[in-house]
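Hydrogens, waters and symmetry mates play no part in the numbers below; they use all other heavy atoms, side chains included.
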Amino acid sequence: MKKKKAVAADVLPPDVIEVVGAREHNLKNIDITIPKNRLVVFTGVSGSGKSSLAFDTIYNEGQRRYMESFSAYARQFVGDMERPDVDRITGLSPVISIEQKTTSKNPRSTVGTITEVYDFLRLLFARASDAYSYNTGKRMTKFSEEEIVENIYEKYSHKKISLLAPLVRGRKGHYRELFEDIRKKGYLKVRVDGEVKDLVPKMQVDRYKIHDIEVVVDRMAVTPDLKLRLSQSIQKSMQVGKGLMFLLLNDNNQVIQYSRQLMCEDTGISYEEPSPNAFSFNSPYGACPTCKGLGTVYQVSMEKVIPDWDKSIKDGGIAPLGEERDAYVFRQVQQVARKYKVDLKKPLRDLPEASLNIILYGNENGSDDTDIDFDQYNTSDRVYAEEFEGIIPQLKRWFGTGSSEPVREWAESFMELNTCSSCDGARLKKESLWFRVDGKNISELSEYDLDKLLAWFTNIEKRLSGKQQIIAKDILKEIRERLQFLIDVGLTYLTLNRSSKTLSGGESQRIRLATQIGSQLQGITYVLDEPSIGLHQRDNHRLITALQNLRDIGNSVLVVEHDKDIMMAADHLVDIGPRAGKFGGRIVAQGTPQEVLASHSDTAQYLNGEKRIDVPAARRKGNGKSLELKGAKGNNLKNLNVGFPLGKLILVTGVSGSGKSTLINETLYPILSKHCYDSKQKPLEYKSIKGLEHVDKVIEIDQSPIGRTPRSNPATYCGFFTEIRQLFAAVPEAKIRGYAAGRFSFNVKGGRCDACEGGGMRVIEMNFLPDVYVHCEKCNGKRYNRETLEIRYKGKSISDVLDMTVDEAVEFFQAVPYLFRKIKVLQEVGLGYITLGQSAVTLSGGEAQRVKLATELSKKDTGKTFYILDEPTTGLHFQDIQHLLDVLNKLVDRGNTVLVIEHNLDVIKVADHIIDIGPEGGDGGGRLLFEGTPEEMVNVKESHTAKFLKIELKAV
């Protein structure tokens, strides 16, 4: 047997990856042969097993093999790498995963830093920029010793001069020791505060005055025969003056400065020789000292400190102080008020500004008498003098150096994040911003959209000096290549200073894709997870070209994707299904796209038009009410005025980067959230909004996980697990034993298994091998102890109920209306295949979003709820999109408003109302192109979405 297997492996073609017996998650022991150096697309309904095969099997096995190349000693310091549940994988080359979930949330991470373009920019500015004075704006100069000699002979030939080396500039002191030290070194004269004096023993100056002191290194006439002496004296002057020297013309006492460093001749300001770190906002050498390189600072908000000017200080008009009470801080305020005659019972608006400032800012804005006698906290017969700090300085101190996190968070609640006033959001210190290349500083270039930045760098050599051209040649080549790769994957609208935490999953994935194309690696297996997320149909061809380029240089590209264009562009298409969860995990069809189309699978039927999502017969008229937002100017929005008709399904469309998320997620949602819940989130700039009284609830449903631990599951998230536990607690046997509902929780002691603490699995630590998870031998994975499992409802234990699929649970709880209704909603959103106790970490983004939708559907609403969804079709198959639309239509039919930001034409074509923003991304977008129905939109020539929608509506 062993010999046969070896022969079979030997005769395998070298250009395929063979997977045998894959059983990870819901995979049904599948065997598949994947061609190498091809663009391979995995598709299928949400939850069918695509990611289980591509990521959890193929990628994880590649990573595990890489880790096993380390020594046993090194492996014990590396994270766990479990062996995937598969019999054999052959032909696997080194694997690189490009996922959605790895976006950095660090505020210091930007598009420029993660693509390394900013690193090359820093190098360019450190080596080939011109420096300008921040005082005069004039270009700075620096001299070598040879240049100084030539300059002196050119300008001051035959004149008598003195060469001075500065020792002290603008400092107080008597400097007795300094004078004695330079006298012992043989120098005869010094220049003190502009006057040349002889050095004498015990010489000193007034210690309380500010002085400038220079030592006279040489006095001579500028004649041709003294050129060597002048050169040596300049060298010595530079050495003593640490790179700075003065030339004094003896006839008129004029002083000329020369420096090895960059120096302003008018003001004497000098800059250090620039290094790449001087242009890094993540380095103390370059970061703005005020905001520490973040570009934003927390500042006390007077609106939060004094929310109501009609209240008095005594009644809590100053929010951090609160109402009058027996507390030390209030006794301080009372005594300050007594001394300065501040009426604590008067409304704040009636108090004189000077009186209020004393309470808010302390004595810095009040009297010169800063000491006040405060009573000792515990002893009334003792007094001591102390300066009154003021409420606002106290908030700043607690925020900056708070003794505990709760104190710091409390102080932060009275603050808001504003642009740093020192650097105006540029993140760098002012000296760094006065280095220019072709008149632009590094921050200005970081604000350009990437396509405009590439255009600026095109032919820049013509605008540089000869020396700069030689230095910058290789740097410019690297910058242009990297920018071109980013533009090739459709990211023309991004800027280098765009924070990485604001990027969508698709954007960050395409950035990493561009980085990999630029690395020019060969023989790699790349695994990508829906790179088309957030990409408009117009830019799909760019992404497809980028994937094909990655393939053409000699790599295998495996893509999990639902986009029709990418599926049809694949060399090899794999359809996994036929359904989701335990009803999936099989290969339904595979081959070229044409071969899969002939298979009549669900995917094939949607691709060839046998099945389609229908356009509604009539668009909803809404309830006649609307929200009217005016003057939206956040990011790239161009003073937008837009209406949101309520009681409709609203679609916000436009190319990537046109301003959709800025308008909805960063402007409209914070406004509604503040109105409904008094949220502290600050919206981007806008002028006014009308119609808020028509909305009493706003819900944002994204694709973030419903829980980050294995203990979280759909039953706990949706809230009906509590009712299931109460149902078990009401069983007669449970009542006899005295079991309460808490007994049936796997998160608290009592009813859960003590060995695994309710987890169902035990971790076996393997030292330098990965930890192994095994079913708990005591409860056999059931999570509960024997006594709890003996309580049965209709023959099922609490563990049996958690193992039920939603479909099974709907039937099981049909006689319990309050439970049936909540579980039935999960079935209606297309999640009948997941189990009630399925770990939240195993749910896909689309599944998590539909669990959230089901949770909201199961709640009683008022018909005045505003739902916001951002690209809900991510991770959804055509069939899943139909389920999603059914859910959204139910919400709208109840009188609610559903707003969806989307690129998917199947969703756009069923909208009641479309808001199209564009026409381009970045600076070329931010304008309202259209408001109205899909049928009306197709005639908008400027809209890219309209062109594709017209084709889609014709196909229906």
| When rounded to the nearest 0.5 angstrom, what is the spacing between CD1 in Ile511 and CG in Leu494? | 5.5 Å
| For residues Asp575 and Ser601, is any side-chain donor paired with an opposing acceptor at under 3.5 Å? | yes
| Flag if over 12 foreign heavy atoms under 6.0 Å of NZ, Lys687 | no
| query | How long is the gap from NE2 on His572 to OG on Ser556, to the nearest 0.5 Å? | reply | 12.0 Å
| message | So, taking the atom named CG in Leu483 and the one named CG in Leu491, what distance separates them when rounded to the nearest 0.5 Å? | response | 11.5 Å
| field | NZ-CG distance between Lys648 and Asp912, expressed to the nearest 0.5 angstrom | value | 6.5 Å
| said: Under 3.5 Å, is there a donor on one side chain and an acceptor on the other for Glu828 and His883? | reply: no
| note | In this structure, CZ of Phe42 is separated from CD1 of Ile34 (nearest 0.5 Å) by 4.0 Å
| message | Is any side-chain heavy atom of Val652 closer than 4.5 Å to one of Ile917? | response | yes
| query | Does any donor atom in the side chain of Glu902 or Thr873 lie under 3.5 Å from an acceptor atom in the other side chain? | reply | yes
| Run the side-chain contact (heavy atoms from CB on, under 4.5 Å) check on Ile613 and Ile881 step by step: do they pass? | CA-CA 8 Å; Ile613 293 169; Ile881 292 171; 3.6 Å; yes
| Between the side chains of Thr933 and His913, is a donor N or O closer than 3.5 angstrom to an acceptor N or O? | no
| Are Leu558 and Val41 close enough that some pair of their side-chain heavy atoms sits under 4.5 Å apart? | no
| Residues Arg579, Asp602: salt bridge by 4.0 Å N-O rule | yes
| task | Please report the shortest heavy-atom distance between Ile914 and Ala911, naming the atom on each side. | result | CG1-CB, 4.0 Å
| said: For Leu646 versus Thr897, what's the shortest heavy-atom pair and its separation? | reply: CA-OG1, 3.3 Å
| Note, Thr653 side chain near Ile915 side chain (heavy atom, < 4.5 Å) | no
| Of His944, His562, His536, the residue whose pairing with His903 passes ring pair (Phe, Tyr, Trp, His ring centres under 6.0 Å) | His536
| query | Can you tell me how far CZ of Phe878 sits from CG of Asn904, rounded to the nearest 0.5 angstrom? | reply | 8.0 Å
| field | Residue from Arg850, Gln879, His877 passing side chain to side chain donor-acceptor pair (under 3.5 Å) with Ser46 | value | Arg850
| Side chains of Thr874 and Glu530 in contact at under 4.5 Å (non-hydrogen atoms) | yes
| field | Basic-acidic side-chain contact under 4.0 Å: Asp571, Arg551 | value | yes
| request: Determine whether Glu685 and Thr667 make a side-chain contact, defined as any pair of heavy atoms from C-beta on separated by less than 4.5 Å. | output: no
| message | Between Tyr493 and Glu507, do the side chains contain a donor N or O and an acceptor N or O under 3.5 Å apart? | response | yes
| Between the side chains of Asn555 and Arg38, is a donor N or O closer than 3.5 angstrom to an acceptor N or O? | no
| task | Give a yes-or-no answer on whether the side chains of Arg538 and Thr945 include a donor-acceptor pair shorter than 3.5 Å. | result | no
| message | Can you see whether Glu628 engages Ser626 through a side-chain donor-acceptor pair at a distance of less than 3.5 angstrom? | response | yes
| field | Shortest non-hydrogen separation from Asp449 to Asp923 and the atoms involved | value | OD2-N, 2.9 Å
| request: Could you please spell out the steps behind the side-chain contact (heavy atoms from CB on, under 4.5 Å) verdict for Asp565 and Leu543? | output: CA-CA 10 Å; Asp565 292 338; Leu543 175 62; over 6 Å; no
| said: Please give me the minimum heavy-atom distance between Thr495 and Val111, naming the atom from each residue. | reply: O-CB, 3.4 Å
| task | Would you indicate whether the side-chain heavy atoms of Glu610 and His600 approach each other to under 4.5 Å? | result | yes
| Would the number of heavy atoms belonging to other residues, nucleotides or ligands and lying under 6.0 Å from NZ of Lys947 be above 12? | yes
| request: Evaluate the side-chain proximity of Arg542 to Asp539: yes if any heavy-atom separation is below 4.5 Å, no if none is. | output: yes
| field | side chain to side chain donor-acceptor pair (under 3.5 Å) assessment of Arg927 paired with Asn639 | value | CA-CA 8 Å; Arg927 290 195 290 117; Asn639 200 26; over 6 Å; no
| request: Could you please spell out the steps behind the side-chain contact (heavy atoms from CB on, under 4.5 Å) verdict for Tyr669 and Ile664? | output: CA-CA 6 Å; Tyr669 175 69; Ile664 305 304; 5.5 Å; no
| request: Please check if any side-chain donor atom of Thr110 sits under 3.5 Å from a side-chain acceptor atom of Asn497, or the reverse. | output: no
| field | side chain to side chain donor-acceptor pair (under 3.5 Å) evaluation trace for Ser532 with Asp563 | value | CA-CA 7 Å; Ser532 67; Asp563 182 81; 4.6 Å; no
| task | Search all heavy atoms of Leu627 against all heavy atoms of Gly691 and return the closest pair with its distance. | result | CD2-O, 3.2 Å
| query | Phe866 versus Leu899: any side-chain heavy-atom pair under 4.5 Å? | reply | yes
| task | Measure across Ser658 and Gly918 and return the closest heavy-atom pair with its distance rounded to 0.1 Å. | result | CB-CA, 4.0 Å
